[in-house]
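Structure first, then comments.
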Amino acid sequence: MSEPSAKVRARVEQLRDELREHNRRYYVEADPSVSDAEYDRLLRELQNLEEQHPALATPDSPTQRVGGEPIAGFETVPHAVPMLSIDNTYDRDELRAWYDRTVKALSAGEESLFSGDSDAGLTLAAEPKVDGVAMSLRYEDGRLTRAVTRGDGTKGDDVTHNARTLRAIPLELNQASDGPPIPAVLEVRGEVFMPDDVFKRVNEEREDAGLDLFMNPRNSTAGSLKQKDPAKVVRGLRFFAHGRGAIEPADAFDTHSQMLAALRSFGLPTNPAIETVAGFDAAWDFIRAFDEKRKTLGYATDGVVLKLDRFDHQDALGTTSKSPRWCIAFKFPAERVTTVLRDVEPQVGKTGKITPRAVMDPVFVAGTTVQHASLHNYGEVARKDIRLGDTVVIEKAGEIIPQVIEAVTAKRPKNAKRITPPEKCPVCATPVEIEHDSRRVNELASYEKRIEKERAKAEETGEDYTPDEPPAPLAKLDESARYCPNPDCPAQLRERLIHFAGRNQMDIDALGEKTVHQLVDAGLLAGIGDIFRLHEKCDALLDLERMGEKKIDNLLAGIEDAKSRGLARVLASLTIRQVGSSGSKALARRFGNLDALLDADEETLAEIDDIGPVTAASVRGFLDSTPGQRVLKELREAGVDLTEPQPAGASAPADSPFTGKTIVLTGTLEHFKRTELAEKLEALGASVTGSVSKNTDLLIAGEKAGSKLAKAEKLGVEVWDEAKLLGALPD
Ligand code: IVH
């Protein structure tokens, strides 16, 4: 390989500058200076030169946005300054009250920062609230060092590998000759979002590939950012900076508007629709005008954020634990339209719950044409008195699944038909079971109790007693969930398979809704275990329509990948009633592996935070059920990882005698509370379970130990008394 000549060096520099400038023109100025084809040509030329002269490659080169290696897993990074949420309102008066409160707070005190009777009013930044995914970018000496998602606000996922692929995010900041200096440390917060046309393209491509469609641009953006492989990040995501995290020097900027102007000069995109306004009326004018303007932007917004412009004002007001007092979001109500209800289809969900789905005349709302909407449950249909043939008002809340809000009774045709809930499962014809709304059951029970008491008292005193109006009886209001109780119902099975492969569960991307339907219909999937046997059925798969070798490879690779998600995701994927992702995490963290969980009795389960008695019963019921045991056996045989890595920091010292041991505690302990000891042992690497079995390594028996001790002795499990335990615990 030849030493790069001065000419080559100069060309490489020139190409990099040009490409950065094109990015800036496109994303910051919204005024592209070249066609996409020309941009790609320049990028390829640079790639070729860097390949020929590896000595010239640098990490900040525009070529380094693509082609990074996939990461093994996400690292959690704490936010130096928490990423809070924003308080919001839909109401002008509430917004006005926030403004007045703010003026008052700033005018108070000796060192009043604002004179409440100032004619101009308080200076505010008025910004579109972009419906995307929040991101914190850290630049050190002008270089992008880290990109972190919001996460829970105090810590998020490191997604630097993906952020680097976004052309809207500069890898290196630009020091404008006439601009302010770039701070040594600059944490910029902003929104990554997907323009509507990109969203449309993504879903068209997914449809062609037989993948599940994304619900909306925000979900699609979030999906992109959580890719491990940066090559899978959607091209065309955009970014607007709208806030700050840690900045050094801390006094680099005095106002929000000054900071945004500086960020722009550094090459960071900011929303051109942002304005600085003075006083409430000007802010309200902005909001009203923006409600019109936002329809033409080509990306989703759901409100306007008002922020105090002066940083000393912001600092004076501070934050609550959830959100800053110096800003507020005014949200626009979800769009509502009317259409005609033609049919109501009962749908069987993954738990057997039967819900009514509205079929309507197609109507355009919040960006797409819809024909189906949710009616929640049959109780609600009865309460709202919605009938077939009615004109109904629908709303797309959060731009996701539209909901039927109400019927326009004034437009009701004479022959409008009442909607009756099904008596039998629409798919397997098993008679449905009714589960009443627990709130209503409790309401009725407490009414009856109260009446009984009052009547008894009245009898004692000999007074007349007329009980007050009882709540409506359950059957009359029909406020109940209907279930198909048949665990082998084909509809439930299909929904369970879809859930199992879903993004937040086992995340088998190529096994989306359509593919599950196709494989079930072809007789290739009759249960979760079958997913892991698909690799034996390649010939049958190849016979299916739209199933090429590439898709099958994808599918099988995705299934293989899914085996290593860990216990929490496995539990979340199994449709155990009451158990969602947080419950699954709590169980997995507490027990560390499936065997330890299998050994836990209901009481032990109920003691866990996030679980409680109802969920504990449901979990134990699942673990003891025939279908539950079957699926767990199948997962084990398929080599699915049924352990959960314990959180970092809790890792045990390597020489702990408890590392990896399954321990049961019994009897009365003198020196410990049971739960405290369990925590201590877990911190030392043990998993503590509730009952003795052949998987138990050690029983710690206090005074008055009973049946657990007897069982341990019978099974030959090692038994320690408290004295021995005290000797083995580190100081
Ligand atoms: S300021 C402390 N400005 O809305 C508050 N947020 O609902 C910092 N968002 O997590 C956020 N556009 O992701 C701010 N112009 C804007 C915004 C904006 C969208 C998002 C942001 C935040 C969420 C809160």
Side-chain angles (χ1 to χ4, degrees), residues 79-90 94-95 98 102 124-137 147-157 159 163 166 168-169 187-195 216-222 224-226 237-247 253 255-257 259-261 263-264 268-277 283 286-287 290-291 293-294 297 299-311 313-332 334 397-399:
H79 297 298
V81 178
M83 289 179 82
L84 301 171
S85 59
I86 317 181
D87 209 6
N88 65 57
T89 176
Y90 289 86
E94 276 182 25
L95 193 70
W98 169 81
T102 305
L124 302 166
E127 308 189 338
K129 185 162 168 11
V130 179
D131 200 8
V133 175
M135 173 87 87
S136 185
L137 303 176
V148 185
T149 60
R150 175 164 182 267
D152 66 3
T154 60
K155 52 188 185 323
D157 286 333
V159 291
L166 308 192
I169 293 179
E187 275 183 19
V188 180
R189 268 112 196 237
E191 209 75 3
V192 177
F193 63 98
M194 186 178 288
N216 57 34
R218 180 165 23 81
N219 286 352
S220 182
T221 306
S224 250
L225 293 176
K226 61 158 267 206
L237 289 177
R238 291 179 56 185
F239 176 78
F240 279 142
H242 57 53
R244 59 184 169 139
I247 299 183
F253 311 111
T255 65
H256 187 72
S257 47
M259 178 181 76
L260 292 184
L263 297 181
R264 268 175 91 79
L268 283 158
T270 57
N271 196 326
I274 294 177
E275 283 179 27
T276 311
V277 298
F286 177 92
I287 290 172
F290 184 69
D291 197 12
K293 184 173 181 176
R294 70 192 191 106
L297 292 176
Y299 56 85
T301 56
D302 58 353
V304 167
V305 183
L306 299 182
K307 301 173 180 170
L308 296 185
D309 192 45
R310 278 171 52 172
F311 285 164
H313 283 179
Q314 293 189 2
D315 296 342
L317 279 171
T319 72
T320 68
S321 63
K322 285 200 213 89
S323 49
R325 290 193 194 87
W326 47 262
C327 81
I328 190 163
F330 180 84
K331 300 243 272 183
F332 296 116
E399 328 297 315

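Every number for a ligand or one of its atoms is a count from 1 in the order of the listing.
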Could Arg244 and Asp315 be called an ion pair, given the rule that one side-chain N must be under 4.0 Å from one carboxylate O?
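Between Asp315 and Arg244 there is a salt bridge, with a charged N closer than 4.0 Å to a carboxylate O.
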
At what distance is the nearest protein heavy atom to [atom], and which residue and atom is it?
{"atom": "atom 12 (N) of ligand 1", "result": "Val130 N, 3.1 Å"}
{"atom": "atom 13 (O) of ligand 1", "result": "Glu191 OE1, 2.6 Å"}
{"atom": "atom 3 (N) of ligand 1", "result": "Lys307 NZ, 3.0 Å"}
{"atom": "atom 15 (N) of ligand 1", "result": "Glu127 OE1, 2.8 Å"}
{"atom": "atom 18 (C) of ligand 1", "result": "His242 NE2, 3.4 Å"}
{"atom": "atom 2 (C) of ligand 1", "result": "Pro324 CG, 3.2 Å"}
{"atom": "atom 4 (O) of ligand 1", "result": "Lys129 NZ, 2.9 Å"}

Sort out for me which residue in Leu308, Thr102, Leu124, Leu306 forms a side-chain contact (heavy atoms from CB on, under 4.5 Å) with Trp326.
Leu308

Over 60° means perpendicular and under 30° means parallel, so classify the ring planes of Tyr299 and Phe193, tilted if in between.
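Answer is tilted, since the angle falls between 30° and 60°.
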
Atoms of ligand 1 less than 4.0 Å from Ile86 heavy atoms?
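Listed by number with element, the hits are 1 (S), 5 (C), 6 (N), 11 (C), 14 (C), 24 (C).
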
Please classify the Ser323 to ligand 1 contact at 4.0 Å (heavy-atom distances, strictly less than): side chain, backbone, both or neither.
neither

For atom 8 (C) of ligand 1, is the nearest protein heavy atom under 4.0 Å away?
no

Kindly indicate, with the supporting measurements, whether the criterion side-chain hydrogen bond (donor to acceptor under 3.5 Å, both in side chains) is fulfilled by Ser323 and Asp87.
CA-CA 6 Å; Ser323 49; Asp87 209 6; 4.8 Å; no

Can you tell me if NZ on Lys331 sees more than 12 non-hydrogen neighbours from other groups inside 6.0 Å?
yes

Exercise: do Arg310 and Thr255 side chains pair donor with acceptor under 3.5 Å:
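Note: Arg310 and Thr255 side chains miss the donor-acceptor criterion.
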
Between Glu191 and His242, is any side-chain donor less than 3.5 angstrom from a side-chain acceptor?
yes

Less than 3.5 Å between some nitrogen or oxygen of Cys327 and one of ligand 1, yes or no?
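No: no nitrogen or oxygen of Cys327 is under 3.5 Å from one in ligand 1.
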
Taking every non-hydrogen atom, the tightest pair across Thr149 and Met83
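For Thr149 versus Met83, the nearest heavy atoms are O-SD, 4.4 Å.
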
With a cutoff of 4.0 Å, is Gly190 in contact with ligand 1, counting heavy atoms of the residue only?
no

